[in-house]
*Asks:* 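Below is one structure. I have some questions about it.
Here is the naming used below: chain letters follow the sequence lines, and residue numbers restart at 1 for every chain.
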Amino acid sequence: MADQDNFFERVYEVVRQIPVGRVTSYGSIGKFLGAARSARMVGWAMNSAVNFEDIPAHRVVNRNGILTGKHHFKGTNLMQQLLESESVVVHNDQVQDFDNVFWDPMKELQRDS
DNA sequence: CGTTTGACTAGTT
DNA sequence: AAACTAGCCAAAC
């Protein structure tokens with residue numbers, strides 16, 4: 001069933017599918033949803049997603065691999081802590097080896113047919 | 001219902 | 001190279 005009733009839920013669906021040890025960017029998610037120019041909306045969705053424990057928002061970073069929204073988390077450095085706990089190397093609020101841990105929904109999920 | 005904002009991104013100065 | 005501007009779009013006020 002189409003759980004995608006709202007833009008937010010669509011984002012949640014994608015973020016939920018982010019594998020452990022991988023991160024993605026707002027733009028990529030938005031692009032996958034068909035709203036590449038709505039990268040901010042993805043962030044907005046995440047703002048609400050913080051209320052959802054099922055949404056690993058910490059796996060979503062900006063295009064630079066920087067933990068832009070770390071300040072929005074419960075803990076100041078919680079975002080980094082979570083990423084590090086998932087085998088993601090983070091240093092100075094920035095994801096190291098970003099290209100290696102970057103998870104592209106369009107490439108990994110690929111809208112099948 | 002009009003204005004502001006906001007976890008972005010790409011382009012320009 | 002760093003800072004600023006603009007575009008984007010939907011939710012919150």
*Asks:* Between atom CD1 in I55(A) and atom P in dA7(B), what is the gap in whole Å?
*Replies:* 18 Å

*Asks:* Among dC8(C), dC8(B), dA7(B), find the nucleotide with the atom closest to the side chain of R37(A).
*Replies:* dC8(C)

*Asks:* Could you report the tightest heavy-atom contact between Y26(A) and N62(A), atom names first, then the distance?
*Replies:* CE1-N, 3.3 Å

*Asks:* Which part of the nucleic acid, if any, lies within contact of V50(A), taking any heavy atom under 4.0 Å across all strands shown: a base, the sugar-phosphate backbone alone, or nothing?
*Replies:*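 Base contact.
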
*Asks:* Among the candidates dG6(B), dA10(B), dA7(B), find the nucleotide nearest to the side-chain atoms of R63(A).
*Replies:* dA10(B)

*Asks:* Could you tell me the separation between the CD1 atom of I29(A) and the P atom of dA10(C), rounded to a whole number of Å?
*Replies:*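 Taking atom P of dA10(C) as the reference, CD1 of I29(A) is at 17 Å.
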
*Asks:* To the nearest angstrom, how far is M79(A) atom CE from dA7(B) atom C1'?
*Replies:* 7 Å

*Asks:* Please state how far atom CG in L33(A) lies from atom P in dT9(B), giving the value in whole angstrom units.
*Replies:* 14 Å

*Asks:* Can you tell me how far P of dT9(B) sits from CG of N64(A), to the nearest Å?
*Replies:* 8 Å

*Asks:* Take atom CE of M41(A) and atom P of dT9(B), then tell me their distance rounded to the nearest Å.
*Replies:* 12 Å

*Asks:* What's the closest nucleotide to the side chain of S25(A) if the choices are dA7(B), dT9(B), dA10(C)?
*Replies:* dT9(B)

*Asks:* Between S85(A) and Q81(A) (side chain of the first, backbone of the second, donor and acceptor by atom type, cut-off under 3.5 Å), is there such a pair?
*Replies:*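 Pair found, side chain donor or acceptor close to backbone of Q81(A).
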
*Asks:* With respect to the phosphate group of dA7(B), does any side-chain polar atom (N or O) of R40(A) fall under 4.0 Å of OP1 or OP2?
*Replies:*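 No.
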
*Asks:* Regarding K70(A) and D93(A), does a basic nitrogen lie under 4.0 Å from an acidic carboxylate oxygen?
*Replies:* yes

*Asks:* Under 30°, 30 to 60°, or over 60°: which ring-plane class applies to F8(A) and Y12(A), parallel, tilted or perpendicular?
*Replies:*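 Plane angle over 60°, so perpendicular.
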
*Asks:* Paired with dC8(B): which nucleotide, if any, by Watson-Crick or G-U wobble criteria at under 3.5 Å for both distances?
*Replies:*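 The answer is dG7(C), by the H-bond criterion.
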
*Asks:* Counting any heavy atom closer than 4.0 Å, what does F8(A) reach on the DNA or RNA strands: base, sugar-phosphate only, or nothing?
*Replies:* sugar-phosphate

*Asks:* Does this structure show an ion pair linking R10(A) with E13(A), if we count only N-O contacts that are shorter than 4.0 Å?
*Replies:* no

*Asks:* With a non-hydrogen cut-off below 4.0 angstrom, is N62(A) in contact with a base, only sugar-phosphate, or nothing?
*Replies:* sugar-phosphate

*Asks:* Rounded to the nearest angstrom, tell me the gap between atom CG in N47(A) and atom C1' in dG6(B).
*Replies:* 8 Å

*Asks:* In whole Å, what is the span from the CE atom of M46(A) to the P atom of dA10(C)?
*Replies:* 17 Å

*Asks:* Under 4.0 Å between any heavy atoms, over every strand shown, what does A45(A) touch: base, sugar-phosphate, or nothing? Just pick one.
*Replies:* nothing

